Protein chains: 2
Amino acid sequence: MGTLVGRGHCLTCPIRPQSLFGCLEHDELSLIEDFQTRVVTYDAGEVVYSEGERLNLIYTLRQGFVKLTRFNSEGEAQIVRIVKPGDLFGYEKLVVDSNYRHTAEALGHVELCQLSVERLKELREQSSAINQAIIERALQQVMKTEEHLTHVSLLKSKARVAWFVLDWVAEQDSAPMPLSRRELGQYLGLTVETVSRHFAELKRLNQISEKQGVLSVLDRDALEELSGVL
Amino acid sequence: MGTLVGRGHCLTCPIRPQSLFGCLEHDELSLIEDFQTRVVTYDAGEVVYSEGERLNLIYTLRQGFVKLTRFNSEGEAQIVRIVKPGDLFGYEKLVVDSNYRHTAEALGHVELCQLSVERLKELREQSSAINQAIIERALQQVMKTEEHLTHVSLLKSKARVAWFVLDWVAEQDSAPMPLSRRELGQYLGLTVETVSRHFAELKRLNQISEKQGVLSVLDRDALEELSGVL
DNA sequence: CGCAGGGTTGACTAAGTTCAACAGTGGTGG
DNA sequence: CCACCACTGTTGAACTTAGTCAACCCTGCG
């Protein structure tokens with residue numbers, strides 16, 4: 001699973017600025033001079049790692065999207081995070097003796113970069129900027145997850161959908177939508193049918209549109225009103 | 001607000017083993033030799049800090065419980081975390097230029113210890129164990145919050161209540177219960193009434209009991225069955 | 001062509017919220 | 001010391017929301 005594309009060279013990596021190593025100043029760049037990584041690709045639906053796996057690899061997403069899922073005892077899935085380009089994932093490996101706590105699955109074709117946990121730990125000894133960057137990313141993640149929790153817990157289904165759309169396109173007016181209705185449901189804590197109905201209604205009211213896997217916001221004000229974000 | 005009790009001396013602090021500095025080995029203990037803190041107390045309902053505040057203090061809880069709450073635009077509250085003795089909170093301050101992202105409120109009488117963000121950052125420069133400990137705590141927190149999200153998202157109300165009870169008493173058979181029904185609802189994403197009904201039923205079936213603010217598990221198997229945790 | 005999988009829609013149902021009434025409890029002031 | 005009030009918790013009944021079940025469409029693929 002996963003096709004090796006080649007070796008990554010962090011120093012010249014096009015997405016370094018968005019990556020964990022984007023925190024390094026000029027004088028520290030030499031630290032990653034020979035920090036080599038493996039660049040691998042996966043196709044839609046392929047699993048990058050599964051809960052409990054022992055391999056010691058942390059990933060940076062270069063292209064595409066990855067979903068991180070947890071399953072309860074009845075086999076129902078909760079998508080806890082959707083990884084975007086530049087994001088780090090699998091970093092629960094930084095906790096001593098821990099294994100992956102999610103299943104990571106490619107949404108469409110993805111390209112990612114494998115970092116060895118051991119090498120990253122060595123690097124942490126040498127650069128406090130790296131430590132700070134890891135702490136910041138972890139804390140950002142806490143915040144994101146708390147927001148997700150708050151929305152799932154407090155918002156009605158229609159508001160959740162509206163919030164998701166706004167959050168997904170962020171500052172843009174449109175963005176690719178690699179999630180199926182089922183996956184949206186698993187992310188928002190709703191059934192396929194409920195998600196489908198709300199999307200249908202938003203389209204009927206000309207507040208959003210979907211064409212060839214691209215989601216567009218047509219009436220941002222209306223969506224903000226609905227989501228109750230103000 | 002908050003009463004200064006005195007200065008804390010980390011080296012001799014009774015709860016150091018559970019605290020952030022519990023990670024330090026013998027040879028590093030000298031680092032905190034003169035790391036002084038302020039020990040303060042708050043009474044039930046007093047606010048330790050509010051969302052957006054600028055003070056640069058991180059806290060370790062010594063005694064009692066603290067709830068961390070977020071409010072949506074309609075003023076509805078979501079309790080995102082209940083802090084227990086030995087836990088660190090307010091550490092979003094470790095992200096540069098960030099303010100508190102919750103309201104922290106004492107549940108009953110609490111005693112806590114204020115650490116200066118600046119001094120903690122200095123300490124991080126000197127000890128990689130501290131860095132590792134902070135990263136581990138942040139990642140543990142991500143995991144805890146994801147679990148919370150999963151439960152709120154996937155479990156039925158009765159199962160959420162059962163899960164909460166088990167999670168709260170942990171390995172014990174009973175534990176103090178400082179949360180009101182309303183607060184339980186705000187933690188679990190339910191209304192007061194729903195929580196009350198389920199507690200009433202669990203008591204009726206002799207699966208739990210409540211006496212003078214102490215919650216006891218009488219039939220662990222039944223609760224596990226209900227919560228679907230297996 | 002026929003079938004599988006994702007998406008949509010409608011009718012019905014179950015779960016939880018909302019509204020309302022009331023009980024218990026602790027604190028305050030006359 | 002007791003009456004009153006505010007607040008939390010409990011319970012019932014009506015109502016709303018989202019889930020369930022089922023039918024159907026559409027697309028892509030063997």
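Letters A, B, ... mirror the listed sequences (proteins, then strands); counts begin at 1. Remember, predicted model here, so these are calculated numbers, not experimental data.
- Atom CG in Leu202(B) sits roughly 13 Å away from atom P in dT11(D) (whole-Å rounding).
- Rounded to an integer number of Å, the gap from CG of Leu155(A) to C1' of dT17(C) is 16 Å.
- Between the CG atom of Leu226(B) and the C1' atom of dA15(C) there is a distance of 16 Å, rounded to whole Å.
- The existence of a salt bridge linking Arg197(B) and Glu201(B) is excluded, since no basic side-chain nitrogen approaches an acidic carboxylate oxygen closer than 4.0 Å.
- On a pure distance criterion of 3.5 Å, no polar donor-acceptor pair joins the side chain of Arg181(B) and the base of dT11(D).
- Using a 4.0 Å cut-off between charged side-chain N and carboxylate O, Arg70(B) and Glu146(A) make no salt bridge.
- Mapping Ser180(B) and Arg197(B) onto DNA chain D by nearest heavy atom places Ser180(B) closer to the 5' end of the strand.
- A close approach under 4.0 Å does not occur between any side-chain nitrogen or oxygen of Lys156(B) and OP1 or OP2 of dA14(C).
- Listed by residue number, the members of residues 182-195 of chain B with any heavy atom below 4.0 angstrom from DNA chain C are Gly189(B), Leu190(B), Thr191(B), Glu193(B), Thr194(B).
- Atom pair Leu154(A):CG and dG16(C):C1' shows a separation of 15 Å (rounding to whole Å applied).
- For the pair Phe199(B) CZ and dT11(D) C1', the interatomic distance rounds to 17 Å; values are reported in whole Å.
- A salt bridge does not link Lys144(A) to Asp87(A): none of the charged nitrogens lies less than 4.0 Å from a carboxylate oxygen.
- With hydrogens and angles left out, the side-chain atoms of Ser157(A) and His198(A) include a donor and acceptor closer than 3.5 Å.
- Atom NZ of Lys84(A) has more than 12 neighbouring heavy atoms from other residues, nucleotides or ligands inside a 6.0 Å radius.
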query = Reading DNA chain D 5' to 3', how would its secondary structure be written in dot-bracket notation, given Watson-Crick and G-U pairs with both distances under 3.5 Å, brackets [ ] for crossing pairs and | for partners on other strands?
reply = ||||||||||||||||||||||||||||||
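- Within 4.0 Å of Lys158(A), counting heavy atoms only, lies no atom of the nucleic acid at all.
- Here dT9(C) presents its C1' atom at 13 Å from CD of Glu201(A), a figure rounded to the nearest Å.
- The phosphate of dG16(C) (OP1 or OP2) has a side-chain N or O of Ser157(B) nearer than 4.0 angstrom.
- Ring-centre distance between His151(B) and Phe164(B): not below the 6.0 Å cut-off.
- Gln212(B) has its CD atom 16 Å from the P atom of dG9(D), to the nearest Å.
- At a threshold of 4.0 Å, the pair Glu51(B)-Arg101(B) does not count as salt-bridged, since none of the basic side-chain nitrogens sits closer than that to a carboxylate oxygen.
- Side-chain atoms of Glu92(B) and His102(B) include a donor-acceptor pair closer than 3.5 Å.
- At a cut-off of 3.5 Å, with distance as the only test, no side-chain donor of Ser153(A) or Thr150(A) sits close to an acceptor on the other residue.
- Atoms CZ (Arg204(A)) and C1' (dG10(C)) sit 13 Å apart, rounded to a whole Å.
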